[in-house]
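The next block holds one structure in the form of C-alpha cells; read it before the comments.
Source: prediction; values computed, not measured.
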Amino acid sequence: MITGFIFRALEGKIVVAVAILLGVALLVPALNLLTAPDSFFHIPTYAVSLMGKYLCYALLALALDLVWGYCGILSLGHGAFFALGGYAMGMYLMRQIGSRGVYGNPVLPDFMVFLNWKELPWFWHGMDMFWFAMIMVLVVPGLLAFVFGWFAFRSRVNGVYLSIITQAMTYALLLAFFRNDMGFGGNNGLTDFKEIIGFNVQADGTRAVLFALSAIMLSLCLVISSAIVRSKFGKVLVGVRDAESRVRFLGYRVENIKLFTFVVSAMMAGIAGALFVPQVGIINPGEFAPANSIEVVVWTAVGGRGTLIGPIIGALMVNAGKSYFTGAFPELWLFALGGLFIGVTLFLPKGVVGTVQQHYAARRDRKAADDAANNDKASDAALPLGQAAE
C-alpha cells in the first residue's frame, strides 16, 4: 500500500526535481568541504547556509501550495507554523547550551536568569532531548492547525474571510511571543546556539550536513505532496477547490478533507522552520509577522500555484533576487517585490511553471489536431476517386 502510494508520486517532473535536489545535497557540501578555499569550485560556508535558508523557504512555499494550489485555501498564516517549528528547534538548541551561557546556569537559559526566573517552565521540560524536540516540531504546528481548522472549516468559513482569520491568528501569536512572561525570550527570541546533537552548530561540517538535510527533506515532502495530489484523495481535493458545493452534494465530508490537508501542510511548514533556525542562528517573534506569510504567497504565485514544482522555483528565484536587491538597492526591494506580484498577476496568472506547462499543453493539442487532420487527408487520398468524393 505504501509502495503504491509512493510510486504514484513518481511522475517525470517529480523524479527530475528529486534527482536535482539529491544531487545538490551531495554536490554543494562536497564543494564546500573537499575543495581548497582559493579554488574556483569552492563554495564558502556562508553561501552554503544562505542556500540552505532558501531551501527551507522552498519547503514552506511547497506547504502553502498544497492547501492553496490544490485545496483553494489561501492561508495568510503559514508563517506561524514555520515559526512554531523554529521555536521548537530553538528551545532544544537553547537547552544544549547548559552552563556555557553567560550566566553559567546549567538548566535555565540566559534570558530566564536575566528575568529572575526561578525554575524552568513546564513546556520547556523534555526539550533537551532531540527526539522529543523533533516530535514537537510536528505536533505543535499540527495541533494548532487542527484546532484552528476544526472550528473554521466546520463553520464553513471560506475565501477572503478565512484568509483574514489566518492572518489574525499569526498576528496574535506575534504579540504573545513578544511578551517576556511567555517564556520564549521576548523580543530577542532564542539565539547564541552552541551545538546540535553534540556537533558545533557553527562548524563547516555541521552547516554542510544541515544544508543536505534541507535538500533531502524538501525532496521527501515533494514526493509526499505529489503522492497526495495524484491519489484519489487528490482528485477530491481539486474538486473541493473548483466546486466545493458539488463535492458536498456527492456525499464527501469537505471539512475533513480540508482539515487533513491543512494539518499536513502545517507540519511541513514546521519542518521548514526547524531546519531554518540552526542555519541562521536565531528565532524571534519577527518570524510571526503577517508580512512574512504574505511573502510566501508571492513566492507561490510567482512559481505557479497548483504545480508543486512552481512554488519551489518561485521561492528560490524571489529570495535570490531579495538577497541581491537588499544589498544593491535596499530602499527599492519592497517596491520590486510589489511590482513582481502585480506583474505576475497581470501577465503570468498561472506563474512561471504554470505558464510553461500551459504553453506545452497547447502545443501538444495543436500537434495532435494537425496529426488527426493529416491522417484524415491520407485516408481520403487512399480511397477510390468516387468514394473520396462521397
Side-chain angles (χ1 to χ4, degrees), residues 20-21 24-25 27-29 31-32 35-62 64-65 76 78-79 82-83 86 174 187-189 191 202 204 207-208 210-211 214-215 218 272-273 275-305 309-356:
I20 292 173
L21 287 171
V24 168
L27 182 61
V28 171
L31 293 178
N32 171 247
T35 58
D38 57 350
S39 171
F40 175 79
F41 298 101
H42 179 72
I43 298 179
T45 301
Y46 80 86
V48 173
S49 296
L50 184 63
M51 289 187 288
K53 184 175 75 169
Y54 292 167
L55 291 177
C56 295
Y57 286 152
L59 179 52
L60 177 58
L62 175 64
L64 178 64
D65 188 45
L76 297 181
H78 260 54
F82 178 84
L174 169 69
N187 182 49
N188 295 322
T191 189
Q202 301 294 336
D204 291 354
R207 298 279 183 171
L210 288 169
F211 172 87
S214 299
L218 178 56
L275 290 167
F276 173 84
V277 168
Q279 296 185 83
V280 299
I282 188 172
I283 178 70
N284 60 37
E287 295 299 332
F288 287 102
N292 290 353
S293 296
I294 295 173
E295 199 169 330
V296 182
V297 173
V298 176
W299 306 339
T300 307
V302 168
R305 71 184 183 101
I309 302 294
I312 295 174
I313 295 176
L316 297 177
M317 288 174 52
V318 175
N319 281 287
K322 181 179 181 179
S323 295
Y324 171 76
F325 269 95
T326 52
F329 311 101
E331 68 282 357
L332 298 179
W333 161 242
L334 291 178
F335 295 101
L337 182 64
L340 176 65
F341 191 45
I342 293 171
V344 167
T345 302
L346 292 177
F347 303 110
L348 294 174
K350 294 183 178 297
V352 174
V353 173
T355 301
V356 171

Students often mix this up, so state it plainly: with edges at 30° and 60°, are the rings of Y324 and F329 parallel, tilted or perpendicular? perpendicular
Kindly say whether G281 contributes a backbone atom to a donor-acceptor pair with the side chain of T191 at under 3.5 angstrom? yes
Are the side chain of R305 and the backbone of P311 linked by a donor-acceptor contact shorter than 3.5 Å? no
If you look at every heavy atom in [X] and [Y], which pair is closest and at what distance?
X    : Y    : result
A208 : N32  : CB-OD1, 4.3 Å
F211 : M51  : CE1-CB, 3.6 Å
L174 : P285 : CD1-O, 3.0 Å
V344 : G351 : CG1-CA, 4.5 Å
Q279 : K53  : OE1-N, 4.2 Å
A272 : C56  : CB-O, 3.4 Å

Determine the sole option in V302, V296, I313 for which the side-chain contact (heavy atoms from CB on, under 4.5 Å) test with V318 is passed. V302
Nearest 0.5 Å, please: how far is [atom2] in [Y] from [atom1] in [X]?
X    : Y    : atom1 : atom2 : answer
N188 : N284 : CG    : CG    : 8.5 Å
L55  : L62  : CG    : CG    : 12.0 Å
L21  : I312 : CG    : CD1   : 6.0 Å
L50  : I43  : CG    : CD1   : 11.5 Å
F82  : Y57  : CZ    : OH    : 5.5 Å
D204 : Y46  : CG    : OH    : 13.5 Å

Taking side-chain hydrogen bond (donor to acceptor under 3.5 Å, both in side chains) as the cut-off, I'd like each qualifying pair that reaches into residues 285-300, sequence neighbours left out, listed once. E295-K322
